[in-house]
Amino acid sequence: MSHPETSSSAARITPRTLKGFRDYPPEIMIPRERLIDTARRVYRSFGFAPIDTPALEYLDVLTGKGSDETDKQMYRFVDHGGREVGMRFDLTVPLARFAAQHIQELGTPFKRYHIATVWRGENTQRGRYREFMQCDFDTIGVESVTADIETALVIFELLHAIGMPRFTLRLNNRMVLNGLLQRLDLADRASAVLRSLDKLGKLRADDVAKELESVVGLSDAQARDVVGLAALDGDNDAILRDLEHRTEGSEVGQTGVARLREIVAAFEAATGEPGQLRIDPSIARGLDYYTGPIYETFLDELPAIGSICSGGRYDDLAGLFTRQRLPGIGASLGLDRLLAAQEELGLIERVRTPTPILIAFFAADRYHDYLRLARSLRRAGIGSELFPEPRKLGAQLKYADKQGFRAVLILGEDEFQAGTCRIKDLKVGSQEVVHVGPDAGQLVDHLRDLVA
RNA sequence: GUGGCUGUAGCUCAGCUGGAUAGAGCAUCAGAUUGUGGCUCUGAGGGUCGGGGGUUCGAAUCCCCUCAGCCACCCCA
């Protein structure tokens, strides 16, 4: 109307989102933010401090480390000043740059968490988008096994805090794999072998063995030996003994097994839940840069969705940027996967409001009294929305129902006169009349139980 | 990036081998119901049939291109 030139349908632009990019409406954003808050709280409780870095970096900063694959997936452009620029495709490369640039002031150990959006122009799939969020935590500058142990403990606490205590943290050590490959005389083909090995979760052992022979060129015996790792069964002690045997004569391998042993013992001592940490020699993780312990976390109720928290140790984070050696270890929560899992397990309550209480705007000339009441409730820590117009009560209740409010406060002239308030519990359907009291104190006491 | 499947109202879908004004359920809005949501009834709004081009007297229907989604592969910080 005010823009006649855009009112014809020919001039109108179709509203749409780019492939792999998403809108997040309130009912999606509310559980998402809750999860992020929980991760933040757990990270901070262990002493990890927040950092942020720019979404855009000089292209050479990002491409330096990247494989051809990540190069292909990176969003890049030339800015108005002629600079070659890329969008970060993970939070580890920015961390490496950040650490190389600031480690003098930061000192070590440096523990940081970083929850931020990253971009990859890869093909989309269910649960894989071109814009997504990573929730990393890392410890820089600690070679000792204590950092490996703490990483496992953070994952443990995180999953419990999220309310998903039924999970298995699977642990392996690249040193063990390297030791084994050394013994098999395959050190030169390590990354190809590991890539195939990593498929053991998805493919049958026979197929992986076949791939190792045909693609990587292993002998029958070598392939069987590698795949045999996955067949290892029994408790952690039994597996560790077996691994010790298999890596005999390899110093790296033996060191790796010893480190696993320490992690297992400390995890048990700290949590009292030894069953939730399992040595799994078939966990390889695709990445070349892992050099020590590696972690993957699977939900017992939904293992098929894949690892929801993974990470590992790397000996040289920032070698591209500085001569100073910066060893580190860290992991990343798979936010989207975890949300998908919670959704599938029916753990996500669908609400469109972060606020539990709606105050019906009922008596038109009591507006100021409603404002005062709302303020008292908010000050007492009870989120309260005042309906903006004195519409029909039925319409306001309908709105409250649709948005997912926990309760509606109904006060008309009668209630104001009597100093009372009706609390309508939308979930149960019951209703009670309570005294408001000074500063709404009595009302607050009632509501606290309700919204707890 | 490669291959396959799919795309009709906000959502789930129907719509025959090409035929006239494209339908249903749910959802939305209004009313029944000016101090009480979910249930019921009545009514209304809502469609470039993903988009563009082609074949045809005639296309939601057939063909090509394109965009998007799903699945598999590739890969996986």
Side-chain angles (χ1 to χ4, degrees), chain A residues 8-23 25 62 64-74 88-96 114 118-130 132 134-136 138 191-192 194-196 198-199 201-203 211 215 284-290 294-296 306-307 310-314 317 328 330-334 337 358 360-364 387 390-416 422-433:
Chain A
S8 82
S9 64
R12 210 158 276 151
I13 299 160
T14 317
R16 59 207 176 121
T17 46
L18 278 170
K19 179 187 177 76
F21 289 71
R22 296 168 289 170
D23 285 330
L62 297 177
K65 179 99 176 199
S67 56
D68 299 346
E69 204 54 44
T70 48
D71 273 14
K72 248 189 288 176
Q73 295 179 351
M74 200 186 337
R88 65 177 173 216
F89 51 86
D90 74 1
L91 300 178
T92 306
V93 172
L95 171 63
H114 193 178
V118 302
W119 296 268
R120 276 182 222 171
E122 65 185 329
N123 213 347
T124 57
Q125 260 182 65
R126 182 213 285 288
R128 302 186 79 172
Y129 304 93
R130 289 183 169 174
F132 58 100
Q134 294 198 328
C135 308
D136 287 21
D138 288 81
S191 54
L194 293 183
R195 207 172 305 136
S196 292
D198 204 39
K199 291 181 184 165
K202 253 199 277 187
L203 267 51
E211 180 174 315
V215 180
R285 315 240 343 110
L287 298 130
D288 289 345
Y289 69 71
Y290 284 126
I294 43 190
Y295 303 88
E296 298 205 333
S307 172
S310 326
R313 176 172 278 282
Y314 38 86
L317 174 69
S332 184
L333 175 70
R337 246 183 210 184
L358 179 74
F361 190 169
F362 186 56
F387 198 83
R391 289 233 286 255
K392 279 192 308 188
L393 189 56
Q396 298 190 40
L397 287 169
K398 212 167 178 175
Y399 168 81
D401 186 49
K402 186 179 146 188
Q403 298 299 308
F405 284 94
R406 187 60 226 279
V408 180
L409 303 188
I410 302 171
L411 301 88
E413 194 50 44
D414 298 349
E415 284 79 7
F416 278 115
R422 285 175 187 274
I423 303 173
K424 189 174 178 79
D425 183 329
L426 291 180
K427 209 186 238 167
V428 181
S430 64
Q431 196 171 160
E432 60 178 324
V433 179

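In the text below, chain A, chain B and the rest are named by the order of the sequence lines, each starting its count at 1. Hydrogens, waters and symmetry mates are skipped; everything else that's a heavy atom, side chains included, is used.
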Next item on the list: Indicate, with a heavy-atom threshold strictly under 4.0 Å, whether Asp414(A) touches base, sugar-phosphate, or nothing.
Entry: base
Margin query: Would you say Lys392(A) places a side-chain N or O within less than 4.0 Å of OP1 or OP2 belonging to A30(B)?
Written below: no
Notebook entry, point to check: Touch check for Gly20(A), heavy atoms < 4.0 angstrom, all strands: base, sugar-phosphate only, or nothing?
Noted result: sugar-phosphate
Next item on the list: Rounded to whole angstrom, note down the P distance from U61(B) over to A22(B).
Entry: 14 Å
Next item on the list: Considering only atom P, compute the distance from U28(B) to C73(B) and round it to an integer number of Å.
Entry: 41 Å
Check: Closest approach of Leu393(A) and Ala360(A), non-hydrogen atoms and distance?
Finding: CD1-CB, 3.9 Å
Note to self: Just so I know, are the side chains of Val408(A) and Asp401(A) near enough to count as touching, which here means a heavy-atom distance under 4.5 Å?
What the structure shows: no
Note to self: With rounding to the closest Å, how many angstrom separate the P atoms on A9(B) and G23(B)?
What the structure shows: 14 Å
Notebook entry, point to check: Please give, in whole Å, the distance from C29(B) C1' to Lys402(A) NZ?
Noted result: 10 Å
Note to self: At less than 3.5 Å, do the side-chain atoms of Arg120(A) and the base atoms of C76(B) form a donor-acceptor pair?
What the structure shows: no
Next item on the list: Taking all heavy atoms of Leu358(A) and all of Ala400(A), pick out the closest pair and write down the distance.
Entry: CD2-CB, 3.6 Å
Margin query: Please report the distance separating the C1' of G38(B) from the corresponding atom of U33(B), rounded so that it comes out in whole Å.
Written below: 15 Å
Checklist line | Distance-only donor-acceptor test (3.5 Å): side chain Gln73(A), base G1(B) | finding: no
Item checked: Integer angstrom distance from the P of C49(B) to that of G7(B) -> 15 Å
Next item on the list: Check every strand shown and say whether Glu415(A) touches a base, only sugar-phosphate, or nothing at a heavy-atom separation below 4.0 Å.
Entry: base
Next item on the list: Fit a plane to each ring of Tyr399(A) and Phe405(A), take the angle between them on a 0 to 90° scale, and name the class: parallel (under 30°), tilted (30 to 60°) or perpendicular (over 60°).
Entry: tilted
Notebook entry, point to check: For atom P, what is the distance between C67(B) and G10(B), given to the nearest Å?
Noted result: 24 Å
Next item on the list: Check every atom of U36(B), U28(B), C75(B) against the side chain of Arg128(A) and return the nucleotide holding the closest atom.
Entry: C75(B)
Item checked: For Lys424(A) against Gln431(A), the heavy-atom pair lying closest together -> NZ-NE2, 3.9 Å
Next item on the list: Examine the base of U36(B) for any acceptor or donor lying under 3.5 Å from a partner atom in the side chain of Gln431(A), and report the outcome as yes or no.
Entry: yes
Next item on the list: Would you check if the side chain of Arg337(A) reaches a backbone N or O of Ser307(A) as a donor-acceptor pair within less than 3.5 Å?
Entry: yes
Next item on the list: Might you point out which heavy atoms bring Glu122(A) and Tyr129(A) nearest each other, and give the distance in Å?
Entry: OE2-O, 4.4 Å
Checklist line | Distance between P atoms of G47(B) and C11(B) (Å, rounded) | finding: 13 Å
Checklist line | Side chain proximity check, Tyr290(A) to Tyr295(A), heavy atoms < 4.5 angstrom | finding: no
Check: At under 4.0 Å between heavy atoms, what does Phe362(A) touch on the DNA or RNA strands: base, sugar-phosphate, or nothing?
Finding: base
Notebook entry, point to check: Would you say Lys19(A) reaches G69(B)'s phosphate, i.e. side-chain N/O to OP1/OP2 under 4.0 Å?
Noted result: yes
Check: So which heavy atom on Arg422(A) is nearest to which on Glu415(A), and how close?
Finding: NE-OE2, 2.9 Å
Checklist line | Nearest-nucleotide pick for Asn123(A), side chain only, options being C75(B), G1(B), U36(B) | finding: G1(B)
Next item on the list: May I have the distance from Tyr129(A) (atom OH) to A68(B) (atom C1'), rounded to whole angstrom?
Entry: 13 Å
Next item on the list: Anything below 3.5 Å on both distances counts as a pair; with that, list the stems of at least three consecutive Watson-Crick or G-U pairs involving RNA chain B.
Entry: B:1-7 with B:67-73, B:10-13 with B:23-26, B:28-32 with B:40-44, B:50-54 with B:62-66
Item checked: Given RNA chain B, 5'-ward residue of the pair Thr124(A) and Arg337(A), judged by closest heavy atom -> Thr124(A)
Next item on the list: For Arg120(A) and Phe89(A), indicate whether the former's side chain and the latter's backbone hold a donor-acceptor pair under 3.5 Å.
Entry: yes
Notebook entry, point to check: Once you round it to whole Å, what is the distance between P of C11(B) and CG of Asp23(A)?
Noted result: 13 Å
Next item on the list: Determine the Euclidean distance between corresponding P atoms of U48(B) and A60(B); express it in Å to zero decimal places.
Entry: 13 Å
Check: How about Thr124(A) and Arg130(A): do any of their side-chain heavy atoms sit closer than 4.5 Å?
Finding: yes
Give me the distances for all protein-to-nucleotides 37-40 of chain B N/O pairs that come in under 3.5 Å?
{"from": "G37(B)", "atom 1": "N1", "to": "Leu426(A)", "atom 2": "O", "distance (Å)": "2.9"}
{"from": "G37(B)", "atom 1": "N2", "to": "Asp401(A)", "atom 2": "OD1", "distance (Å)": "2.5"}
{"from": "G37(B)", "atom 1": "N2", "to": "Leu426(A)", "atom 2": "O", "distance (Å)": "3.1"}
{"from": "G37(B)", "atom 1": "N3", "to": "Asp401(A)", "atom 2": "OD1", "distance (Å)": "3.4"}

